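Here's the structure we're looking at; comments come further down.
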Protein chains: 2
Amino acid sequence: MEPAGLERPILAVDVVVFSVSRGRLRVLLHRRGQDPFSGAPALPGVAVQVDETLEDAARRALAVKAGWPPDAPEDLYVEQLATFDGLYRDPRGRTVSVAYLGLSPARSAPVRKLFWELADGLGRGSLPFDHDRILETALARLRGKLRYTNIAGQFLPEAFRIDELQKVYEAVLHRSLNRTNFRNKLLKLGLIEQVRALSEAVGKKGGRPPHLYAFAREEVEAADRDFL
Amino acid sequence: MEPAGLERPILAVDVVVFSVSRGRLRVLLHRRGQDPFSGAPALPGVAVQVDETLEDAARRALAVKAGWPPDAPEDLYVEQLATFDGLYRDPRGRTVSVAYLGLSPARSAPVRKLFWELADGLGRGSLPFDHDRILETALARLRGKLRYTNIAGQFLPEAFRIDELQKVYEAVLHRSLNRTNFRNKLLKLGLIEQVRALSEAVGKKGGRPPHLYAFAREEVEAADRDFL
DNA sequence: GCAAAAGTGTTGTGACTACACCCATGG
DNA sequence: CCATGGGTGTAGTCACAACACTTTTGC
C-alpha cells in the first residue's frame with residue numbers, strides 16, 4: 001500500500017543543554033560546519049542511526065557536533081522535550097527532529113566555552129531552522145519543572161548552599177526571589193534537606209557560615225498537588 | 001544484523017483518543033488486521049509519509065485504522081504527547097513512534113463503538129508493542145492538564161451544565177469531588193463562565209433548573225502559578 | 001408539602017508574603 | 001563592634017475543604 005523505497009522522513013535529534021554560571025542562564029551552541037547556515041550558531045543535532053536509541057543519539061550529537069568531552073556525556077542529565085515537525089527544511093529532505101533537554105553543572109573551562117549567554121535576543125529569530133522554537137520550548141519546560149521537581153539539582157554539585165540554589169532559580173526564572181521564603185518553601189516541600197554545617201568557608205569576607213543542603217534522593221515529582 | 005538499504009529508523013505515529021461517556025473514561029482501540037499481534041486490540045498508528053505532517057498522520061491513522069468518520073477527524077482535538085523508542089520491535093525494522101493525545105466529545109453510536117472502557121486491566125500488559133506505556137503516559141498527561149487548563153471542554157459540547165463537567169473530572173481522575181467546592185474553584189479560577197439559564201429541562205424528574213456554562217474562550221493555561 | 005437538584009454562605013485550617021529580628025563569623 | 005550574610009519568628013491575607021443553608025423546580 002505504501003510506496004516502497006526512501007519515501008520516508010529523516011529522523012534527527014537536537015539537544016538543548018542549559019547551564020548556570022555567574023548568575024546567568026546559558027545554552028550550549030556550536031557553529032555549523034556545513035551548509036545550510038554554515039558558520040551560524042545552532043543547537044547540536046545528528047541524524048538518528050538504526051542501532052542507537054534517541055537518547056544515545058542526543059549524547060552523540062554533543063560529542064560529535066559540539067566538542068563535548070567524550071567521557072562526560074554519560075552522566076549528563078537529559079530528558080526528552082518534544083518532537084518538531086514542519087518548519088524544518090533541509091537539502092537531504094523532510095526531517096523530523098526529536099528535541100532533548102539537558103542540564104549541566106558548571107564545569108571545566110573548555111566546556112564552559114561552549115555555552116552562550118541566554119540574552120534577550122537569543123531565541124528570537126537568531127537561530128537557524130526551527131531552533132528558536134525548540135529553545136523557547138526547552139526554556140518553558142525548564143521553568144515549569146523548577147516549580148515542582150528537584151531538577152535544579154542538576155545544575156549544582158551534590159551538596160550546595162541555599163544561596164547558590166536561589167541564584168540558579170533566579171537565573172532561570174529571570175527574576176529575584178525573597179530569600180527567607182525561598183528557603184522555607186523548599187524545606188517545607190521536602191525538596192531539599194540539610195546535610196551538615198559548612199566547615200570550609202571558602203574565601204568569604206564575613207557573615208555566618210552557611211549549612212550545606214542536598215536534594216532529596218528520589219526523583220521527587222513533588223506530590224501531585226491535589227485537585228479538590 | 002539489519003538488512004542493508006534502509007539504514008534509518010522508521011517513523012510512525014500512534015494515537016490515544018479518550019472520551020467520557022456514561023461516567024466512564026474510555027479509549028479508542030482497534031483490532032489489528034495484520035501481524036504481528038493480528039486480532040489484538042491496539043492503538044491506531046501508521047507510518048509517517050514524506051508529504052504529511054505528524055498531526056496529519058495521526059488523524060489519518062484514525063480514519064485508516066480505526067474507521068473514524070473521514071470528515072470528523074478535522075475538528076478533533078489532538079496534541080503531541082511524546083516520542084517512544086527502544087521497546088518497539090517490528091518486522092519492518094527499528095521504529096520510532098510519535099504518540100498523540102486526542103480528546104473526543106461523546107458522539108454518534110457508530111463512533112461510540114470504537115471506544116473501550118478504561119478498566120483496571122487495560123494498560124497493564126494487555127496491549128501490544130509499548131502501547132501500555134503510551135496509554136499510561138497519555139492518561140498522566142490528561143490528568144495533569146485537567147488541573148490547570150480548560151482541556152476538559154474537549155469532552156463536552158459548547159455549553160454544558162456544571163454537573164456534567166464534574167462527571168468528566170471524576171471519570172478522568174477516578175475519584176469523587178465535592179460538588180460545592182468544584183463549582184467555586186472553577187468559577188474563581190475563571191476557567192468557566194455562565195452562559196445563560198437553562199430553558200429546556202430535558203427529562204428531569206425534579207430539582208431547580210441548572211445554568212449553562214462554557215469554558216472561557218482563550219486557551220487558558222491558567223496563569224502560571226507564581227513561584228514565590 | 002416534599003423530594004431533588006442547584007446555588008450560596010460560613011468557618012476553620014493551612015499556605016504564602018512581607019517583614020522584623022536574632023545568630024555567627026571576618027576584619 | 002560593626003558589616004555581612006545565614007537563620008528564625010510572626011501577622012495579615014488568601015485559598016480551600018467541609019458542611020449547613022437557601023432557592024427553585026416536578027410531582
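Lettering of chains follows the sequences in order, A, B, ..., and the numbering in each one begins at 1. Because the structure is a prediction, the values reported are computed rather than measured.
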* To do: Report yes if a side-chain nitrogen or oxygen of B/Arg208 is closer than 4.0 Å to either non-bridging phosphate oxygen (OP1 or OP2) of C/dA4; otherwise report no.
  => no

* Please determine, for the side chain of A/Thr180, which listed nucleotide (D/dC19, D/dG9, D/dG7) has the closest atom? => D/dG9

* Asked: Where is the tightest heavy-atom contact between A/Leu135 and A/Leu118, given as atom of each residue plus distance?
  -> CD2-CD1, 3.9 Å

* Whole-Å distance separating the CG atom of A/Leu187 from the P atom of D/dG6 -> 14 Å

* Kindly say if B/Arg183 contacts the phosphate of C/dG7, meaning a side-chain N or O under 4.0 Å from OP1 or OP2. => yes

* May I have the distance from A/Phe182 (atom CZ) to D/dG6 (atom C1'), rounded to whole angstrom? => 14 Å

* Measure the distance from NZ on B/Lys188 to P on D/dC14 and round it to the nearest whole Å. => 11 Å

* Structure fact -> To the nearest angstrom, the CG-P distance between B/Leu165 and C/dA5 comes to 18 Å

* Asked: With no angle test and no hydrogens, is the base of C/dA5 tied to the side chain of B/Asp163 by a donor-acceptor pair under 3.5 Å?
  -> no

* Where do A/Leu28 and A/Pro44 come nearest, in terms of heavy atoms and distance? -> CD2-CG, 3.6 Å

* Side chain A/Arg179 and base D/dG7 donor-acceptor under 3.5 Å -> yes

* What is the distance, rounded to the nearest whole Å, between atom CG of A/Asn184 and atom P of C/dC16? -> 10 Å

* Asked: Atom CD of A/Gln166 to atom C1' of D/dG5: distance rounded to whole Å?
  -> 12 Å

* To do: May I ask you to evaluate whether B/His211 reaches the phosphate of C/dA6, defined as a side-chain N or O under 4.0 Å from OP1 or OP2?
  => no

Quick one: side chains of residues 16-24 of chain B, donor-acceptor pairs under 3.5 Å with protein atoms, not counting sequence neighbours, listed by atom name and distance.
unit_1, atom_1, unit_2, atom_2, d
B/Ser19, OG, B/Ser104, O, 2.9
B/Ser21, OG, B/Arg26, NE, 2.9
B/Arg24, NE, B/Glu117, OE2, 3.4

* **Aromatic centroids of A/Phe215 and A/Phe160 separated by under 6.0 Å** => yes

* N or O in side chain of B/Lys185 less than 4.0 angstrom from D/dA17 OP1/OP2 -> no

* Structure fact -> In whole angstroms, the gap separating C1' of D/dC19 from CG of B/Asn181 amounts to 9 Å

* Do A/Arg143 and A/Tyr169 have side-chain atoms, one donor and one acceptor, less than 3.5 Å apart? -> no

* Nucleotide C/dA15, atom P - distance to CG of A/Asn178 in whole Å -> 18 Å

* Asked: Which nucleotide in the list C/dT25, C/dT8, D/dG7 gets nearest to the side chain of A/Pro209?
  -> C/dT25

